[in-house]
There are 2 protein chains.
Amino acid sequence: MTALSDAVRVVLVSPRNPLNIGAAARAMSNFGFKQLRVVNAYDVAYHEAKSAVNAAAVLASSEQFKSISEAVADCSLVIGTTAIGHRELKHTIRRLEQASPVIRDHAGSIALLFGSEKFGLSNEDLSHCHWLLRIPTRDEHVSMNLGQAVAICLYELIRNEEAASRTPKEVEPASAADLERFTTQLLDVLRESGYVNPKTADTTEHKIRRMVLRLGLPAKDAQVWLGIWRQILWRLRGL
Amino acid sequence: MTALSDAVRVVLVSPRNPLNIGAAARAMSNFGFKQLRVVNAYDVAYHEAKSAVNAAAVLASSEQFKSISEAVADCSLVIGTTAIGHRELKHTIRRLEQASPVIRDHAGSIALLFGSEKFGLSNEDLSHCHWLLRIPTRDEHVSMNLGQAVAICLYELIRNEEAASRTPKEVEPASAADLERFTTQLLDVLRESGYVNPKTADTTEHKIRRMVLRLGLPAKDAQVWLGIWRQILWRLRGL
């Protein structure tokens with residue numbers, strides 16, 4: 001069992017402002033979280049943040065990734081943060097204080113995704129998330145500053161001293177990397193079988209991705225399922 | 001009974017960075033708080049923050065004060081936020097989540113004081129506070145970014161939907177303005193009576209100020225007490 005602060009990865013997706021990257025790192029340091037991951041960062045911003053005076057150690061040891069899949073590969077719970085804008089969201093949404101115990105009870109590693117300052121997380125980004133977390137801002141002004149949103153989420157996780165030492169559930173869920181393989185193979189099967197309409201292929205892919213996340217696939221079953229898809233695919237292609 | 005969001009005044013003491021002033025205002029807007037007060041602000045910073053694109057309405061309607069006494073005059077509960085550094089603090093300190101219900105139960109207006117980015121609140125600033133509030137950062141990195149500290153405190157206050165509609169206690173405590181008059185007159189009495197040693201006058205003043213705050217003077221008794229001090233002073237001066 002690892003401490004919550006070791007299990008959580010803060011993932012900034014497409015951040016544009018070095019001050020926000022720095023502020024996120026500072027809040028992580030304030031609350032004892034260490035793993036900062038940055039996806040598709042604007043290079044200048046990332047390097048400016050890293051080279052700032054007083055840059056937290058968190059920032060120095062942060063890692064850069066090209067895609068969300070890579071950034072969350074070792075996580076078995078991926079949570080998107082959202083202000084809920086105009087998009088019709090197909091995910092379960094939890095208010096932050098209700099999300100917090102669910103995060104603490106999770107047995108594996110957890111990725112907390114934060115979108116860019118301007119656009120938040122895209123539908124494609126969200127398709128990697130098991131569920132979404134909402135900071136309870138008022139309807140007239142939902143959009144939060146990135147550094148403040150990170151600070152509030154981490155504060156909520158360490159808010160209660162007892163809660164910060166977590167007692168996760170027994171069954172370890174499959175990692176995002178396993179789920180990615182599962183999804184890729186399932187999509188191959190669906191394409192080969194003619195299930196996917198090329199005109200709506202993108203939508204279908206997102207839908208399937210969310211459906212797989214909802215399965216709650218246990219880690220120990222992942223290999224068996226991959227074997228099943230391989231077998232089906234072999235048959236379809238051999239027809 | 002006023003809503004919590006109307007009862008709370010966010011008071012920034014000696015802020016130096018316009019981005020932090022803006023961030024504080026934005027968090028207030030996110031969580032529905034309206035009254036921003038700025039004491040002894042660096043003028044350029046304050047005006048730069050006010051004129052920023054996207055400056056929140058909160059910032060436009062914010063008020064400037066020369067001293068903490070003036071800024072908190074209408075408040076009957078004044079709370080200082082602190083990272084607890086090396087100073088030996090003489091105040092009661094509450095962790096944020098424990099402070100939150102006390103704030104909600106308070107019948108009158110509440111001032112939440114935040115110190116400057118570099119130095120926090122001075123001992124003189126703290127002498128205006130009934131008690132202190134601490135955000136539970138880790139010991140190795142206690143000092144938070146100002147905008148993030150404001151955001152976290154306000155989040156905690158609105159965190160729980162039921163709690164946000166508060167049910168304050170019955171007795172309305174005296175306002176800071178009444179307490180200031182009480183303290184000023186008491187200090188006059190102490191000086192006239194020879195209680196105050198001129199060499200340690202500053203320390204004595206802070207000590208007395210904190211002691212008066214701890215009295216929990218009810219609003220309805222304030223006038224009676226002022227009469228008592230006036231009478232004593234008249235006698236002392238007439239001797």
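Excluded from the calculations below are hydrogen atoms, water molecules and symmetry mates; all remaining heavy atoms, backbone and side chain alike, are included. The shown structure was predicted, so the numbers you read here are calculated from the model rather than taken from an experiment. Naming convention: chains lettered A, B, ... in sequence-line order (proteins, then strands); numbering from 1 in each chain.
- Side-chain contact of B:E180 with B:T183: a donor-acceptor pair under 3.5 Å is absent, judged by distance alone.
- At a 4.5 Å heavy-atom cutoff, the contact between B:L19 and chain A is made by side-chain atoms alone.
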Stepwise side chain to side chain donor-acceptor pair (under 3.5 Å) check, B:T81 with B:R134: CA-CA 6 Å; B:T81 57; B:R134 187 177 89 79; over 6 Å; no
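- A:R94 and A:S100 share no side-chain donor-acceptor pair at under 3.5 Å.
- A side chain to side chain contact (heavy atoms under 4.5 Å, CB included) with B:L121 is found for exactly one of B:L132, B:L126, B:T82, namely B:L126.
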Side chain to side chain donor-acceptor pair (under 3.5 Å) assessment of A:E156 paired with B:Y155: CA-CA 9 Å; A:E156 175 63 49; B:Y155 163 72; 2.6 Å; yes
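- Residues of residues 30-45 of chain A placed with any heavy atom under 4.5 Å of a heavy atom in chain B are listed by number as A:N30, A:F31, A:G32.
- Taking 4.5 Å as the limit, some side-chain heavy atom of B:H128 sits within range of a side-chain heavy atom of B:R209.
- Closest heavy-atom contact between A:R95 and B:I158: NH2-O, 3.9 Å.
- Comparing B:V150, B:L96, B:D139, B:I152 by how many heavy-atom pairs each has under 4.5 Å with chain A, the most go to B:I152.
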